[in-house]
K.L.:
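Provided herewith is a single structure, encoded as structure tokens, for subsequent inquiry.
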Amino acid sequence: MRAIVVGSGAGGATAARELTLRGYEVLILEAGKQFQPFIRHLSWTEPLRRFGLLGSEKTITRFFPPMNIIRSEKDMVLVRGLTTGGSTVLSCGSMVRAERGLKEIGLDLKFEFEELEKLIGVQPFPKERWRPLTRRMFDAAEDLDLNPNPTPKAVEELKCISCGLCELGCVNEARWDSCRFLDEAIIRGATLKTSSPVEKVIIENGKVTGVVVRSGRTKNTFKGDMVVLAAGGIGTAQILKASGLPAKDNLWVDIVLTLGGISKGAHQLKEPPMVWYTQHEDYILSPYLDILSHWFHKPWRNVPIEDRVGIMVKLADLEEGSVYANGKVEKSITPHDHIRLKEAISQAKLVMKFASVSGPYIEGLHNGGHLGGTVPLRSSDISSMKPPWLPEGLWVADLSLVPRSQGLPTILLTAAIALRVVKKIDEYLKCK
Ligand SMILES: Cc1cc2nc3c(=O)[nH]c(=O)nc-3n(C[C@H](O)[C@H](O)[C@H](O)COP(=O)(O)OP(=O)(O)OC[C@H]3O[C@@H](n4cnc5c(N)ncnc54)[C@H](O)[C@@H]3O)c2cc1C
């Protein structure tokens with residue numbers, strides 16, 4: 001049985017690994033190139049930044065091609081990884097069980113979470129290695145009864161050099177990413193083809209029998225007994241729509257907004273991002289120096305990196321975005337999102353004030369990198385893990401399946417979903 005897996009991020013690499021473990025022949029088609037972390041000499045960016053010569057946030061893709069940026073409205077930027085490992089290679093390594101809205105549809109992923117946490121090795125980053133100001137902000141959050149907790153992390157303490165730049169790829173391989181699962185799948189016989197963007201699936205007599213890959217003027221077709229789409233909330237929806245299948249206009253992104261303050265010589269970048277977090281109904285607060293805002297957000301320009309301090313708000317946004325067959329994305333910040341962000345930002349400001357971080361407190365760029373919801377599961381889909389409008393032979397195994405935004409890190413959730421989907425594929429094929 002030959003499975004074609006599209007994408008190699010949290011969903012795709014997990015699915016590919018699990019399929020090879022269960023004896024399937026696997027071909028992985030990845031749009032991006034082999035991932036290379038950014039080789040860090042950041043000092044040259046500082047003078048350019050101060051004079052506003054770095055241009056817009058799109059510049060980042062020029063000096064770091066794996067990071068893909070889309071402006072989905074005037075005030076919102078979407079970030080994803082287009083490379084082997086997908087967005088996991090850009091991640092902060094935070095590993096939290098996100099389950100918002102799952103109980104409502106009858107989906108319990110406890111066993112998958114446990115299995116993945118053991119495989120990946122999840123634990124908090126030791127407090128002794130937090131920056132003094134980060135500890136002070138943790139204490140402030142405690143004093144304010146915000147109940148902060150150390151964040152479960154997939155970062156190996158002994159290998160981590162505390163460069164703070166997890167999101168540009170980990171040069172020391174201290175932070176887990178899904179390339180590890182990808183490598184395991186390849187060792188077990190999977191074939192990986194990079195620079196292979198899937199355009200659409202091939203449907204013959206109501207059954208999916210393969211995919212079309214189009215790169216520039218070159219077109220190739222690949223045939224398989226099944227296709228597992230794991231191109232992420234945007235990529236999967238784009239392929240489905242280009243294939244005439246009705247991906248839903250329910251894109252969510254978990255909006256991130258970082259409040260910036262100032263503390264001389266804080267050096268917040270000298271630790272992994274997000275070492276603790278406070279959890280609220282639909283958002284979290286977490287210490288985070290937002291490098292996108294530092295480089296590209298004009299109001300942040302006049303503060304040097306060593307003095308900049310940030311607390312991130314990550315909000316579960318309303319699920320109302322759209323992806324089109326040509327890759328265009330529409331996703332705006334709704335009035336409801338603005339109200340929730342305002343409340344969260346006022347709490348972040350209090351934490352900063354209590355920890356003696358000075359103002360002016362300035363908000364950063366709105367951005368989102370948790371892209372899901374475009375193939376939402378309903379209660380009636382849980383027994384098959386497949387919405388009924390997907391034709392025979394076609395499966396989805398990424399964050400697209402999750403109907404609700406999370407306001408929490410989403411790698412564990414995506415990988416858990418992919419594990420469950422492969423179990424269902426196996427059950428389905430064995431009963432056939
Ligand atoms: C900057 C950043 C930091 C993050 N930090 C964290 C964190 O600390 N913890 C956490 O839990 N989550 C984090 N996330 C979110 C997390 O990485 C994603 O939610 C998760 O990776 C989603 O998995 P996925 O498989 O749906 O998509 P992805 O991991 O994005 O994988 C999609 C894959 O499909 C490929 N692809 C796209 N289109 C095509 C196509 N047409 N043909 C072939 N291949 C295609 C892409 O190249 C990619 O490999 C972060 C995200 C970003 C952007």
Side-chain angles (χ1 to χ4, degrees), residues 4-16 28-33 35 60 66-69 77-98 116 120 122 151-155 166-169 175-179 181-182 192-201 211-215 228-240 242 252-254 256 272-274 277 286 288 290-292 312 314 323 327 367-375 396-402 406 408-418:
I4 298 176
V5 175
V6 180
S8 61
T14 308
I28 305 154
L29 296 173
E30 166 53 53
K33 296 197 168 96
F35 179 68
I60 206 161
M67 188 178 274
N68 177 267
I69 304 262
V77 160
L78 304 184
V79 185
R80 61 180 172 150
L82 280 185
T83 179
T84 52
S87 303
T88 68
V89 295
L90 311 180
S91 94
C92 306
S94 304
M95 292 284 168
V96 172
R97 293 187 187 192
L116 287 161
I120 292 171
V122 176
T151 311
K153 287 269 177 194
V155 178
C166 301
E167 288 159 298
L168 298 183
R175 194 258 291 111
W176 180 92
D177 60 51
S178 69
C179 291
F181 283 179
L182 193 58
L192 168 68
K193 282 188 184 297
T194 53
S195 304
S196 300
V198 169
E199 181 184 50
K200 57 183 177 183
V201 296
V211 298
V212 175
V213 167
R214 192 183 294 273
S215 191
V228 181
L229 292 182
I234 292 177
T236 289
Q238 184 181 351
I239 295 166
L240 288 170
W252 53 267
V253 303
D254 280 354
V256 166
M274 302 180 69
Y277 73 118
S286 194
Y288 176 70
D290 178 7
I291 48 172
L292 273 186
M312 155 209 281
K314 192 189 288 297
V323 177
N367 60 87
H370 300 178
L371 310 166
T374 45
V375 189
V396 170
D398 63 20
L399 200 57
S400 314
L401 289 176
V402 178
Q406 300 297 315
L408 277 170
T410 42
I411 289 175
L412 264 188
L413 170 58
T414 313
I417 287 260

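We count ligands from 1, going down the list as the structure has it; atoms in each ligand are counted the same way. These figures come from a predicted structure and were not determined experimentally. Any value given below was found using the heavy atoms of this structure, including those in side chains, with hydrogens, waters and symmetry copies removed.
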K.L.:
Tell me the closest heavy-atom pair linking I234 and L371, and the distance in Å.
P.N.:
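What the structure gives for the nearest pair is CD1-CD1, 3.9 Å.
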
K.L.:
Side chains of V402 and W252: does their closest heavy-atom pair fall under 4.5 Å?
P.N.:
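Yes; the side chains approach each other to less than 4.5 Å.
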
K.L.:
Note the single closest protein heavy atom to atom 16 (C) of ligand 1, along with its residue, its atom name and the distance in Å.
P.N.:
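Going atom by atom, the protein heavy atom closest to atom 16 (C) of ligand 1 ends up being I411 CG1, 3.6 Å.
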
K.L.:
Nearest to atom 31 (O) of ligand 1, what protein heavy atom do you find, and at what distance?
P.N.:
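Scanning the protein heavy atoms, the shortest distance from atom 31 (O) of ligand 1 goes to G9 CA, 3.4 Å.
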
K.L.:
With a 4.5 Å heavy-atom cut-off, do C166 and P273 have their side chains touching?
P.N.:
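Side-chain contact under 4.5 Å: yes.
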
K.L.:
If we only consider heavy atoms of H370, is any one of them less than 4.0 Å away from an atom in ligand 1?
P.N.:
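True for this residue.
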
K.L.:
Distance to 0.1 Å, residue and atom name: give those for the protein heavy atom nearest to atom 49 (O) of ligand 1.
P.N.:
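Checking every protein heavy atom, the shortest distance to atom 49 (O) of ligand 1 gives E30 OE1, 2.6 Å.
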
K.L.:
With heavy atoms of G232 as the reference, note each atom of ligand 1 found under 4.0 Å away.
P.N.:
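Those atoms are 26 (O), 27 (O), 32 (C).
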
K.L.:
Measuring from atom CG of N367 to atom CG of D254, what distance do you get when rounded to the nearest 0.5 angstrom?
P.N.:
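One finds 11.0 Å between CG of N367 and CG of D254.
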
K.L.:
Has ligand 1 got any nitrogen or oxygen that is less than 3.5 angstrom from a nitrogen or oxygen of D398?
P.N.:
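N/O-N/O distance below 3.5 Å does not exist for this pair.
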
K.L.:
Give a yes or no on whether the backbone of A231 and the side-chain of T236 come within a donor-acceptor separation of less than 3.5 Å.
P.N.:
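The answer is yes, because a donor-acceptor pair under 3.5 Å joins these two groups.
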
K.L.:
Look at atom 44 (N) of ligand 1 and find which of A13, A10, S286, A31 reaches it with the closest heavy atom.
P.N.:
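The residue whose heavy atom sits nearest atom 44 (N) of ligand 1 is A31.
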
K.L.:
Shortest non-hydrogen contact from L412 to I120?
P.N.:
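It is CD2-CD1, 4.4 Å.
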
K.L.:
Counting each atom of ligand 1 from 1 as listed, which ones have a heavy atom of A230 under 4.0 Å away?
P.N.:
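Close to A230: 32 (C), 33 (C), 34 (O).
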
K.L.:
Do V96 and T151 come within less than 4.5 Å of each other through their side chains, counting heavy atoms only?
P.N.:
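Answer yes - side chains close enough.
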
K.L.:
Ligand 1 and S87, any nitrogen or oxygen pair closer than 3.5 angstrom?
P.N.:
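Checking ligand 1 against S87, an N or O pair does fall under 3.5 Å apart.
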
K.L.:
Tell me, which protein residue and heavy-atom name are nearest atom 40 (C) of ligand 1, and how many Å apart are they?
P.N.:
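Of the protein heavy atoms, V198 N, 3.6 Å lies nearest.
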
K.L.:
Atom CD1 in I28, atom CG in L192: separation rounded to 0.5 Å?
P.N.:
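Interatomic distance, I28 CD1 to L192 CG, rounded to 0.5 Å: 5.5 Å.
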
K.L.:
Quick one: look at T410 and ligand 1, take heavy-atom pairs under 4.0 Å, and tell me if it's side chain, backbone, both or neither.
P.N.:
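Near ligand 1, T410 shows its backbone as well as its side chain.
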
K.L.:
Keeping the roles fixed (side chain from R175, backbone from V89), state whether a donor-acceptor pair exists under 3.5 Å.
P.N.:
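Present.
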
K.L.:
Using distance alone, decide if ligand 1 has a nitrogen or oxygen within less than 3.5 Å of any nitrogen or oxygen in L399.
P.N.:
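By distance alone, the answer is yes.
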
K.L.:
For atom 1 (C) of ligand 1, find the nearest protein heavy atom and state the residue, atom name and distance (0.1 Å precision).
P.N.:
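The closest heavy atom on the protein side is L90 O, 3.5 Å.
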
K.L.:
Which heavy-atom pair separates E199 from A242 by the least distance, and what is that distance?
P.N.:
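Looks like O-CB, 3.4 Å.
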
K.L.:
Under a 4.0 Å heavy-atom limit, does L371 contact ligand 1 with its side chain, its backbone, both, or neither?
P.N.:
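Neither; nothing of L371 gets under 4.0 Å from ligand 1.
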
K.L.:
Hey, does G235 come in under 3.5 Å of ligand 1, counting only N/O atoms on both sides?
P.N.:
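By distance alone, the answer is no.
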
K.L.:
Checking T88 side chain against G9 main chain: does a donor-acceptor pair fall under 3.5 Å?
P.N.:
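No; zero donor-acceptor contacts below 3.5 Å.
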
K.L.:
I need the nearest protein heavy-atom contact for atom 34 (O) of ligand 1: residue, atom name and distance, please.
P.N.:
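Here the nearest protein heavy atom works out to A231 CA, 3.2 Å.
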
K.L.:
If we set the cut-off at 4.0 Å for heavy atoms, which region of I239 has an atom near ligand 1: side chain, backbone, both, or neither?
P.N.:
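Within the 4.0 Å criterion, I239 contacts ligand 1 through side-chain atoms alone.
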
K.L.:
If the cut-off is 4.0 Å to any non-hydrogen atom of T88, which atoms of ligand 1 fall inside it?
P.N.:
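Result: 17 (O), 21 (O).
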
K.L.:
Counting only nitrogen or oxygen atoms and a 3.5 angstrom limit, does G11 reach ligand 1?
P.N.:
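The answer is yes, given that G11 and ligand 1 share an N or O pair closer than 3.5 Å.
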
K.L.:
What distance do R80 atom CZ and L90 atom CG have between them, rounded to the nearest 0.5 Å?
P.N.:
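The distance works out to 11.5 Å.
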
K.L.:
Starting from atom 24 (P) of ligand 1, find the nearest protein heavy-atom neighbour and note its residue, name and distance.
P.N.:
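So the nearest neighbour among protein heavy atoms is T414 CG2, 3.7 Å.
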
K.L.:
Hey, is ligand 1 close enough to S94 that some N/O pair sits below 3.5 Å?
P.N.:
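The answer is yes, given that S94 and ligand 1 share an N or O pair closer than 3.5 Å.
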
K.L.:
Of all the heavy atoms in S196, does at least one lie under 4.0 Å from an atom in ligand 1?
P.N.:
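Distance cut 4.0 Å: S196 passes for ligand 1.
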
K.L.:
May I ask you to identify the nearest protein heavy atom to atom 6 (C) of ligand 1, giving residue, atom name and distance to one decimal place in Å?
P.N.:
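Result for atom 6 (C) of ligand 1: S91 CB, 3.4 Å.
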
K.L.:
I need the atoms of ligand 1 closer than 4.0 Å to a non-hydrogen atom of L82, numbered in the order shown.
P.N.:
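The atoms of ligand 1 under 4.0 Å from a heavy atom of L82 are 37 (C), 46 (C), 47 (O).
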
K.L.:
Minimum heavy-atom separation for F35 to T84, with atom names?
P.N.:
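Looking at all heavy atoms of both residues, the shortest contact is N-OG1, 2.8 Å.
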
K.L.:
With no hydrogens and no angle check, just 3.5 Å: does a side-chain donor-acceptor pair link T83 and K33?
P.N.:
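No pair is found: no donor N or O on one side chain lies under 3.5 Å from an acceptor on the other.
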
K.L.:
If you measure from OH on Y277 to CE on M312, what distance do you get to the nearest 0.5 Å?
P.N.:
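These two atoms lie 13.0 Å from each other.
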
K.L.:
Quick one: CE on M95 to OG1 on T410, what's the gap to the nearest 0.5 Å?
P.N.:
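One finds 9.5 Å between CE of M95 and OG1 of T410.
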
K.L.:
With a cut-off of 4.0 Å, which atoms of ligand 1 are near a heavy atom of G81?
P.N.:
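Taking each heavy atom of G81 in turn, ligand 1 has 46 (C), 47 (O), 48 (C) under 4.0 Å.
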
K.L.:
What's the separation between atom NE2 in H370 and atom OG1 in T414, rounded to the nearest 0.5 Å?
P.N.:
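Reported to 0.5 Å precision, the distance equals 8.5 Å.
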
K.L.:
Could you tell me, atom by atom, which parts of ligand 1 come under 4.0 Å of a heavy atom of P409?
P.N.:
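By the 4.0 Å cutoff, the relevant atoms are 9 (N), 10 (C), 11 (O).
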
K.L.:
Hey, which atoms in ligand 1 end up nearer than 4.0 Å to a heavy atom of C92?
P.N.:
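The atoms of ligand 1 under 4.0 Å from a heavy atom of C92 are 5 (N), 6 (C), 7 (C), 8 (O).
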
K.L.:
Just jot down the ligand 1 atoms closer than 4.0 angstrom to any heavy atom of G7, in number order.
P.N.:
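Contacts of ligand 1 toward G7, numbered from 1: 33 (C), 34 (O), 35 (C), 44 (N).
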
K.L.:
Judging by distance only, is a nitrogen or oxygen of S400 under 3.5 angstrom from one on ligand 1?
P.N.:
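In this structure, S400 places no N or O atom under 3.5 Å from an N or O of ligand 1.
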
